Amino acid sequence: MTTPWADWDHVLKVDPDKSLVEGETFEDVCRTGTDAIEIGGTMDVTTEKMRRVIDACRKHDVPLYQEPSNPAVVVEDDALDGYLVPVVMNAGDPFWITGAHKEWVRIGDLDWSRTATEAYVVMNPEASVAEYTDADCDLAADEVAAYATVAERMLGQDIVYVEYSGTLGDPDVVGAAHRAVDDATLFYGGGIGDYDAAYQMGERADTIVVGDLLHDEGVDAVEETVRGVKDAHE
Ligand SMILES: CC(C)=CCC/C(C)=C/CC/C(C)=C/CC/C(C)=C/COP(=O)(O)OP(=O)(O)O
Ligand SMILES: O=P(O)(O)OC[C@@H](O)CO
Ligand SMILES: [Mg+2]
């Protein structure tokens with residue numbers, strides 16, 4: 001797979017289990033200025049809900065990726081530019097490091113040219129993803145940095161993702177992870193709710209991921225975060 005994310009400042013993560021703000025459409029969502037849309041969530045995702053979002057976005061020209069939370073929700077569709085598959089570096093259960101992936105390879109017919117992985121370090125113990133994967137979130141900045149190095153240098157990961165889903169993370173942790181990677185792209189996601197938070201995390205990460213804000217506040221708020229990260233990267 002090529003590495004289009006090397007040029008992304010902003011990713012919008014659409015949770016297929018959550019609705020848009022009343023009166024907004026996926027056309028509005030695709031016009032926020034985000035560099036890519038990632039469709040995924042931890043809880044209550046089904047292929048049917050996934051398909052609904054893909055269909056609503058297919059005629060707009062924003063790059064569209066599925067981020068599957070397990071092999072059963074993977075959807076095959078030409079409208080998708082590819083699959084970004086999590087590997088949870090600090091999962092307590094190895095199923096979320098390689099087990100689910102082994103099952104997917106066993107049952108699926110993977111299109112490797114459109115499949116890439118994201119090396120997650122899950123940091124918010126309150127998030128569903130932390131509970132789901134039994135992640136050890138009690139990590140100091142140097143440990144997160146070391147996970148980033150393991151991901152890039154030992155496991156050849158091209159995306160390292162510091163994940164604080166639901167809460168704004170510690171900028172020092174994000175900065176430490178960024179300094180630890182060389183060519184890999186550092187994603188940061190969690191709790192970005194306005195221009196300032198996007199700017200602050202944009203100063204430390206290559207790409208920021210905005211999720212809940214779309215469903216809670218809507219497209220204007222998302223646009224502000226696009227401006228924030230682009231200004232930080234100028
Ligand atoms: C091998 C395949 C195809 C899949 C396995 C992929 C793995 C390891 C998934 C585990 C990590 C995971 C569930 C990632 C999903 C993306 C994510 C972190 C969404 C954010 O989740 P939360 O914000 O915690 O959940 P909700 O918003 O759904 O409550
Ligand atoms: O929903 P938020 O808190 O913006 O987090 C974004 C993303 O990192 C979730 O996987
Ligand atoms: Mg969430």
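Positions are given from 1 along the sequence. One-based numbering, in listed order, for ligands and for the atoms of each. It should be emphasised that the depicted structure is a prediction, and the values quoted were computed from it without experimental measurement.
The existence of a salt bridge linking Lys49 and Asp17 is confirmed by a sub-4.0 Å separation between a basic side-chain nitrogen and an acidic carboxylate oxygen. Using a 4.0 Å cut-off between charged nitrogen and carboxylate oxygen, Glu48 and Arg52 count as a salt-bridge pair. Ion pair Arg153/Asp182 flagged as a salt bridge, since at least one NZ, NE, NH1 or NH2 atom sits closer than 4.0 Å to an Asp/Glu carboxylate oxygen. Ion pairing of Arg227 with Glu224 is absent here, as no side-chain N (NZ or NE/NH1/NH2) approaches a carboxylate O to less than 4.0 Å.
With values rounded to the nearest 0.5 angstrom, Thr47 atom OG1 is found 11.5 Å from Glu76 atom CD. Taking CG of Asp220 as the reference point, atom OG1 of Thr225 lies at 11.0 Å (rounded to 0.5 Å).
Looking at ligand 2, you won't find any N or O of Leu213 less than 3.5 Å from one of its N or O atoms. For Pro86, no nitrogen or oxygen atom sits less than 3.5 Å from a nitrogen or oxygen atom of ligand 1, counting backbone and side chain alike. Considering backbone and side-chain N/O atoms, Met43 comes within less than 3.5 Å of an N/O atom of ligand 1. Taking distance alone, with nitrogen or oxygen atoms compared against 3.5 Å, Ile192 stays at or beyond that limit from ligand 2. Considering both main-chain and side-chain atoms, Tyr120 never comes within under 3.5 Å of ligand 1 through any nitrogen or oxygen pair. Geometrically, ligand 2 and Tyr120 share no nitrogen or oxygen pair separated by less than 3.5 Å. For ligand 2, the polar-atom distance check against Asp212 finds a nitrogen or oxygen pair separated by under 3.5 Å. In terms of polar-atom proximity, defined here as any N/O pair under 3.5 Å, Glu163 makes no such contact with ligand 1.
Heavy atoms only, all atoms of each residue included: Val174 and Leu186 are closest at O-CD2, 3.7 Å. Minimum interatomic distance between Ala184 and Gln157 (heavy atoms only, all atoms of both residues): CB-O, 3.7 Å. Here the closest heavy-atom approach between residue Leu213 and residue Gly193 is recorded as CD1-O, 3.6 Å. In this structure, Val14 and Val29 approach most closely via the heavy-atom pair CG2-CG1, 4.5 Å.
Looking only at heavy atoms of the protein, atom 16 (C) of ligand 1 is closest to Glu67 OE1, 3.1 Å. At the top of the distance list for atom 23 (O) of ligand 1, counting protein heavy atoms only, stands Ser165 OG, 2.5 Å. Among all non-hydrogen protein atoms, the one lying nearest atom 9 (C) of ligand 1 is Ser69 O, 3.5 Å. Closest protein heavy atom to atom 4 (O) of ligand 2: Gly211 N, 2.9 Å. Protein heavy atom closest to atom 7 (C) of ligand 2, with residue, atom name and distance, is Tyr161 OH, 3.3 Å. The nearest heavy-atom contact from the protein to atom 12 (C) of ligand 1 is Val129 CG2, 3.7 Å. In this structure, the protein non-hydrogen atom closest to atom 9 (C) of ligand 2 is Glu163 OE2, 3.3 Å. Atom 21 (O) of ligand 1 has as its closest protein heavy atom Thr42 OG1, 2.7 Å.
In the hydrophobic clustering of ILVMFWY residues, with side-chain heavy atoms under 4.5 Å counting as a link, Val45 and Phe95 come out apart.
When side chains are defined from C-beta on, Thr117 does not count as touching Leu84, because their heavy atoms never get closer than 4.5 Å. Considering only heavy atoms from C-beta on, Val105 stays 4.5 Å or farther from His101 through its side chain.
Ligand 2 is approached by Val209 to a heavy-atom distance shorter than 4.0 Å. Using 4.0 Å as the threshold, Glu103 has no heavy atom nearer than that to any atom of ligand 1.
Note: Tyr164 and Tyr188 have tilted aromatic rings, judged against thresholds of 30 and 60 degrees for the angle between ring planes. Relative orientation of the Trp8 and Phe187 rings is tilted, given thresholds of 30° and 60° on the angle between their planes.
Contact annotation for Ile97 and ligand 1: no heavy atom of the residue comes within less than 4.0 Å of the ligand. Residue contacts with ligand 1 for Val85 involve side-chain atoms from C-beta outward but no N, CA, C or O (heavy atoms, distance under 4.0 Å). Counting heavy atoms closer than 4.0 Å to ligand 1, residue Val122 contributes nothing at all. When heavy-atom distances to ligand 2 are checked against a 4.0 Å cut-off, Tyr164 has no atom that comes that close, whether in backbone or side chain.
Summarising the contacts of atom 5 (C) of ligand 1 with Ala100, Ala135, Gly166, the nearest heavy atom is found in Ala100. Checking Gly189, Gly193, Gly191, Ala127 against atom 2 (P) of ligand 2, the nearest heavy atom belongs to Gly191. The residue among Tyr83, Tyr161, Trp96, Tyr132 with a heavy atom at the shortest distance from atom 13 (C) of ligand 1 is Tyr132. Of the listed residues (His101, Lys18, Lys13), the one carrying the non-hydrogen atom nearest atom 1 (C) of ligand 1 is His101.
Annotation for ligand 1: atoms under 4.0 Å from non-hydrogen atoms of Trp104 are 3 (C). Atoms of ligand 1 lying under 4.0 Å from any heavy atom of Ser128, numbered from 1 in the order shown and given with element: 24 (O), 25 (O), 26 (P), 29 (O).
Using modelled atom types and a 3.5 Å distance limit, the side chains of Asp206 and Trp5 yield no donor-acceptor pair.
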